[in-house]
Amino acid sequence: MALHLGDVPAWQVLVGEAAVYAAAATVRTLFPKARGPLTPRWWQAGTTVWLPTAAELGAFGAMQSLYFAAAGLWTVPYVWRNRSYITRPELKRRALEAAQQAKALEAADPIVKRWNTKTAGKRGALPGSELTGREEFAHGGAEGVRYRVTLDGQTTEEAMEARKRICSDFGKAINFVHVEEPDGGEQNAAVVTFLKRLAVEDAQLWTEPLLDLETGILPVGPFEDGAGDAALQVWEPGSGPLPCGIFGAMRTGKSSILKIAVAEFARTEGRIVLDYLDPQDGQSCPDLLDYVPHALGIDAIRQRLYDYQAEMARRRKLLSQVEWTDEDGVKRRGVQSYDHPGVHGLPMLVIAIDEFHLVARHEDLATIVHDILAEGSKCGMTVWTLDQNVYVAGMGGGDVLALVTSGNIVVLRNSDRRIASATFGQRMVAYPHLIKLYFPGTQKKTKGCGYLLGATDRPVMMRARHIPKMSKVMRDVTPMKLTWADGTTPAAPASAPPMQEQVSPVEQVSFDAPVEVEALSPGDIAAAQQSMLSLLAESDGGLTGPELTVRSGLPLPVAFRVAASLVEQGQACMAGDRYVIADRKRVA
């Protein structure tokens with residue numbers, strides 16, 4: 001309008017516009033950074049047409065409306081073609097600001113800085129890796145921060161195996177750093193957790209039944225990061241009960257898991273029965289005896305295991321005659337597996353054998369246990385073994401050990417780092433031998449702490465819930481009773497004949513005859529020494545040779561030979577007839 005009132009010819013307007021475009025082109029050529037702001041847009045092209053026309057005809061009334069309408073229609077094709085790229089400016093700014101804040105936070109995060117310097121450095125445990133997705137959490141009594149690790153050429157398994165070196169980089173104890181597989185299972189990433197406080201420093205009490213009778217999953221206790229519970233797979237629906245091996249040093253909480261199982265199974269109205277077998281005459285866990293069927297001493301256990309051998313045959317015969325109808329309506333005979341507790345009127349039988357090495361040293365009993373582990377699941381029977389070690393000889397042979405470790409595995413605090421590899425194998429990276437007697441910096445004991453592989457398989461320490469008094473949790477609960485498939489009950493164990501002094505004939509003993517001693521490899525000797533040191537460290541007054549033999553599960557000559565080697569090395573000494581540890585603080 002101003003051009004029209006000033007009577008400016010259209011050709012002069014065009015010349016002026018050409019001069020402006022020429023100047024802009026020159027600036028864009030000389031200064032490349034100015035190319036973006038000076039790039040022509042559709043509105044510039046519209047201005048080129050509109051200005052000369054307005055100078056000649058004026059921009060009043062209907063003419064002005066026509067000009068603006070034409071300018072608006074000019075931009076329609078451009079907007080339509082780029083509609084998918086158009087966003088609300090305020091949302092874009094918010095997202096940009098959030099991303100910038102997250103990046104600034106991670107850049108200032110001391111954990112990220114140390115990771116980039118140490119762990120992700122050229123000589124670090126995971127060179128080129130990167131921490132992202134910082135997530136602080138506080139739940140279940142645990143506090144910490146979690147990250148996603150983007151790996152550079154490494155695999156998730158390698159990241160999990162680098163856990164010790166990461167702990168070294170950050171000066172942390174093993175239980176304060178976790179490395180796990182991401183939820184999506186990507187093998188070029190991992191999830192790392194740095195804990196400030198553990199959820200298991202204070203033991204939780206068992207207060208209510210948690211066994212899922214549909215899935216067979218039994219939660220045992222919380223993980224140390226507070227993210228759920230470690231759980232046993234007591235049975236698999238459609239398949240049958242699974243074995244369970246519970247291993248750990250003395251007074252580490254093996255009986256706590258048995259107590260939980262008794263409290264849970266007693267509430268299944270007879271569908272699950274736990275039978276407790278203790279070769280040490282009930283001394284191993286006397287709190288259970290009033291609430292479960294039991295067999296105490298080797299003689300009673302032998303009779304009970306032979307009864308189980310006959311029961312397995314009865315159940316096989318019964319299940320082979322069961323009639324049922326399949327999904328096509330066809331009647332069939334015989335079932336291949338034990339579907340769930342109580343099916344066909346047969347309760348699930350869990351045979352819990354404490355101090356298993358004392359039973360497994362008898363060849364006939366080890367054979368029966370092997371048969372139940374191998375074939376009993378199909379008819380609703382399985383074995384739970386409890387012991388301090390997992391030496392092949394102490395487990396009745398490699399076949400028995402392999403069957404035990406095919407089910408649930410619980411490994412509590414122990415002194416032998418090979419126990420984790422002998423039980424978990426390649427299925428879990430665990431460090432039960434690094435669990436201390438007390439939590440770091442406290443006087444709180446770690447009883448009940450360990451690693452569990454069953455319904456859950458996290459390589460994270462858990463702690464079994466505690467039952468201080470069985471009488472309180474079993475109040476108004478009917479004790480479990482054992483009944484065979486033919487309706488009979490186990491016979492009472494035969495009483496042992498009275499000991500009579502016998503005069504043995506004089507035997508000629510040759511002191512020159514060689515004594516046969518079981519040969520052990522250097523690795524086995526070292527492991528036996530560590531086991532004995534752990535036993536001596538936990539005993540205030542020391543242990544006699546026979547006590548060491550019984551508690552370690554080693555044959556008598558081997559136990560004495562290992563104990564003598566500890567004395568020779570100065571790690572133990574004799575106090576009368578007892579072996580006493582020489583340096584308790586170092587071992588603890």
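Both backbone and side-chain heavy atoms feed into the values below; hydrogens, waters and symmetry mates do not. The structure presented is a predicted model; accordingly, all values stated were derived computationally and were not measured.
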Of all the heavy-atom pairs spanning [X] and [Y], show the shortest one and how long it is.
X      : Y      : result
Val149 : Ser129 : CG1-CB, 4.0 Å
Leu232 : Cys244 : CD2-SG, 4.3 Å
Leu198 : Leu195 : CD2-CD1, 3.5 Å
Arg418 : Ser421 : O-OG, 2.9 Å
Pro459 : Val429 : CB-O, 3.4 Å
Ala199 : Gly140 : CB-O, 3.0 Å

**Prompt:** Is any side-chain N of the basic residue among Lys254 and Asp387 closer than 4.0 Å to the acidic one's carboxylate O?
**Reply:** no
**Request:** Run the salt-bridge test on Arg134 and Asp109 with the 4.0 Å N-O cut-off and return the result as yes or no.
**Result:**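 So Arg134 pairs with Asp109 through a salt bridge.
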Please answer whether the main-chain N or O of [Y] pairs with a side-chain N or O of [X] as donor and acceptor at a distance below 3.5 Å.
X      : Y      : result
Arg465 : Ala203 : no
Asn188 : Leu151 : no
Gln233 : Thr215 : yes
Glu264 : Ala261 : no
Asp278 : Gln283 : yes
Glu180 : His178 : no
Thr117 : Arg114 : no
Arg475 : Lys472 : no
Arg413 : Cys449 : no
Arg163 : Val179 : no

Under a 3.5 Å cutoff, is there a donor and acceptor pairing between the side chains of [X] and [Y]?
X      : Y      : value
Thr193 : Arg146 : yes
Glu130 : Trp115 : no
Gln187 : Glu181 : yes

**Item:** Whether over 12 other heavy atoms sit under 6.0 Å from Gln569 CD
**Value:**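 Yes, the 6.0 Å shell around CD holds more than 12 heavy atoms from other groups.
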**Item:** Heavy-atom neighbours of Glu186 CD exceed 12 at 6.0 Å
**Value:**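 Enclosed.
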Rounded to the nearest 0.5 Å, what separation is found between the [atom1] atom of [X] and the [atom2] atom of [Y]?
X      : Y      : atom1 : atom2 : result
Phe137 : Lys196 : CZ    : NZ    : 9.5 Å
Trp384 : Leu277 : CH2   : CG    : 14.5 Å
Met480 : Tyr291 : CE    : OH    : 11.5 Å
Leu373 : Ser406 : CG    : OG    : 7.5 Å
Arg463 : Leu452 : CZ    : CG    : 15.5 Å
Asn389 : Asn414 : CG    : CG    : 7.5 Å

**Item:** From Leu453, Thr423, Thr252, residue fulfilling side chain to side chain contact (heavy atoms under 4.5 Å, CB included) relative to Val411
**Value:**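 Only one option passes, and that is Thr423.
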**Option from His139, Arg197, Arg458 for which side chain to side chain donor-acceptor pair (under 3.5 Å) with Asp225 holds** = Arg458
**Asked** Is the distance between the ring centroids of Phe170 and Phe194 under 6.0 Å?
**Response** yes
Side-chain contact test, heavy atoms from C-beta onward, threshold under 4.5 Å: evaluate it for [X] versus [Y] and give yes or no.
X      : Y      : result
Thr456 : Phe223 : yes
Ser565 : Gln571 : no
Met348 : Pro241 : yes
Arg123 : Lys118 : no
Lys444 : Tyr438 : no
Ile351 : Thr382 : no
Pro440 : Phe176 : yes
Tyr579 : Val567 : yes

**Message:** Evaluate Leu288 against Lys259 for side-chain contact (heavy atoms from CB on, under 4.5 Å), listing each step before the verdict.
**Reply:** CA-CA 7 Å; Leu288 297 181; Lys259 291 178 180 179; 3.9 Å; yes
**His466 vs Gln204, side-chain contact (heavy atoms from CB on, under 4.5 Å): CA-CA, chis, key distance, verdict** = CA-CA 6 Å; His466 182 49; Gln204 293 186 10; over 6 Å; no
**Message:** Determine whether Ser256 and Trp206 satisfy the following criterion, side-chain contact (heavy atoms from CB on, under 4.5 Å), listing intermediate values before the conclusion.
**Reply:** CA-CA 10 Å; Ser256 296; Trp206 184 91; over 6 Å; no
**Request:** Apply the test salt bridge (Lys or Arg N to Asp or Glu O under 4.0 Å) to residues Asp457 and Arg427: give CA-CA distance (whole Å), side-chain angles for both, the deciding distance (0.1 Å), then the verdict.
**Result:** CA-CA 8 Å; Asp457 58 356; Arg427 296 175 292 173; over 6 Å; no
**Prompt:** Taking the six-membered ring of Tyr431, is the NZ or CZ of Arg417 close enough (under 6.0 Å from the centre) and on axis enough (within 45°)?
**Reply:** no
**Message:** Quick one, Leu412 with Tyr451, criterion side-chain contact (heavy atoms from CB on, under 4.5 Å). Give me CA distance, side-chain angles, the key distance, then yes/no.
**Reply:** CA-CA 6 Å; Leu412 307 176; Tyr451 293 81; over 6 Å; no
